[in-house]
There are 2 protein chains.
Amino acid sequence: MSYKIKSRIWIESENNVLLGEGRVHLLKAIQETGSLSKAAKSLNISYKKAWQLLDSVNKSAKKPVTINSIGGKGGGGAELTEYGKSLIKAFDEINKNCWAFLDKQLEKIEAL
Amino acid sequence: MSYKIKSRIWIESENNVLLGEGRVHLLKAIQETGSLSKAAKSLNISYKKAWQLLDSVNKSAKKPVTINSIGGKGGGGAELTEYGKSLIKAFDEINKNCWAFLDKQLEKIEAL
DNA sequence: AATCGTTATGTCTGTGCAAATATAACGATT
DNA sequence: AATCGTTATATTTGCACAGACATAACGATT
């Protein structure tokens with residue numbers, strides 16, 4: 001019976017998007033699968049889209065977020081750097097804090 | 001040289017969007033112009049889109065947000081109810097508070 | 001040097017959504 | 001009853017963007 005407040009946050013670097021919910025999902029999937037193509041499959045998005053997202057993330061970040069290798073054993077793969085792992089952890093925390101904050105703020109509207 | 005954090009918030013009522021930034025802009029324009037069609041023009045959106053937005057807002061809200069009159073002197077018009085005025089004021093406040101909150105949170109990422 | 005599964009890109013196609021267009025309905029005023 | 005500018009809605013058109021498809025590049029392993 002009552003209103004809900006929702007939010008979407010993202011982090012930009014010089015007008016390019018660095019991180020949003022979709023990109024964080026992708027990074028987590030890479031962490032779990034060890035490969036960009038497997039991550040794309042698990043998220044049900046095309047490999048191309050996944051690659052474009054990851055490329056954009058790495059180009060926007062101050063330090064590398066993933067290390068991608070092509071060729072070699074298994075054909076290659078992708079894995080998160082320590083910086084990448086820290087980023088998604090921090091993003092999740094900020095997101096949770098934001099939800100809690102907004103839920104409190106919503107009372108202002110419920111009271112009307 | 002540093003990251004920026006951005007956000008978009010919106011309020012839902014039973015899975016329908018009640019208020020977002022675009023809808024608030026529209027309501028403000030209605031307040032200034034006294035008419036939905038003039039508001040649409042001032043925002044450079046089609047009348048149809050403006051009407052759909054306003055219709056959706058009024059259907060989602062607990063109480064009427066605008067009073068629309070058709071026909072009569074001047075052909076009709078639209079104006080905000082007291083509830084509508086309170087809503088956009090509260091939304092703006094929440095939005096500002098959210099920005100300030102997130103800016104502080106961003107420090108967690110800058111520090112990485 | 002042949003194989004393999006991946007990363008790294010370009011190209012093409014279709015479709016969903018936005019915008020434009022059209023028009024009905026309305027009621028105070030004259 | 002004729003006019004007027006608006007609200008209210010349906011229909012058509014256009015275009016950006018996502019997805020499918022294709023293929024090159026790569027290097028460890030055999």
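Naming: A, B, ... by sequence-line order, numbering from 1 per chain.
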Exercise. For DNA chain C, what dot-bracket results from Watson-Crick or G-U pairs at under 3.5 Å, with [ ] for crossers and | for inter-strand partners?
Worked result: ||||||||||||||||||||||||||||||
Exercise. Restricting to pairs with a member in residues 60-112 of chain A, which pass ring-ring contact (aromatic ring centres under 6.0 Å, His included), not counting sequence neighbours?
Worked result: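 Listed once each, the pairs are A:F101-B:F101.
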Exercise. Looking at residues at least two apart in the chain, or sitting in another chain, which of them share a side-chain contact (heavy atoms from CB on, under 4.5 Å) with B:E32?
Worked result: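 Residues passing side-chain contact (heavy atoms from CB on, under 4.5 Å) with B:E32: none at all.
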Problem set entry | Residues that A:Q31 engages under side-chain contact (heavy atoms from CB on, under 4.5 Å), provided they are two or more places apart |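 A:Q31: side-chain contact (heavy atoms from CB on, under 4.5 Å) contacts with A:L80, A:K85, A:I88.
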Seminar exercise, completed: Reading nucleotides 5-14 of chain D from 5' to 3' and marking B where a protein heavy atom lies under 4.0 Å of the base, S where only the sugar-phosphate is that close, and - otherwise, the string is BBBBBBB---
Rounded to whole Å, how long is the line connecting atom [atom1] of [X] with atom [atom2] of [N]?
{"X": "A:N44", "N": "D:dA18", "atom1": "CG", "atom2": "C1'", "answer": "14 Å"}
{"X": "A:L53", "N": "C:dT7", "atom1": "CG", "atom2": "P", "answer": "14 Å"}
{"X": "A:I45", "N": "D:dC21", "atom1": "CD1", "atom2": "P", "answer": "17 Å"}

For this session: Please name all residues satisfying side-chain hydrogen bond (donor to acceptor under 3.5 Å, both in side chains) with B:K49, sequence neighbours left out, ordered by chain then number.
Result: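 Once residues adjacent in sequence are excluded, B:K49 has no partner under the side-chain hydrogen bond (donor to acceptor under 3.5 Å, both in side chains) criterion.
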Problem set entry | Check: A:R23 side chain, A:V17 main-chain N or O, donor-acceptor pair, under 3.5 Å |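 Yes, the answer is positive, given that a donor and an acceptor are paired below the 3.5 Å cut-off.
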Exercise. Side chain of A:T81, backbone of A:P64: donor and acceptor closer than 3.5 Å?
Worked result: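 Indeed, once roles are kept as given, a pair shorter than 3.5 Å links the two residues.
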Exercise. Is it true that A:D92 and A:K96 make a salt bridge, defined as a side-chain N closer than 4.0 Å to a carboxylate O?
Worked result: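 Looking at A:K96 together with A:D92, the answer is no, because their closest N to O distance does not fall below 4.0 Å.
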Exercise. Do A:T66 and A:N58 have a side chain donor and acceptor closer than 3.5 Å?
Worked result: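 Per modelled atom types, A:T66 and A:N58 side chains form a pair under 3.5 Å.
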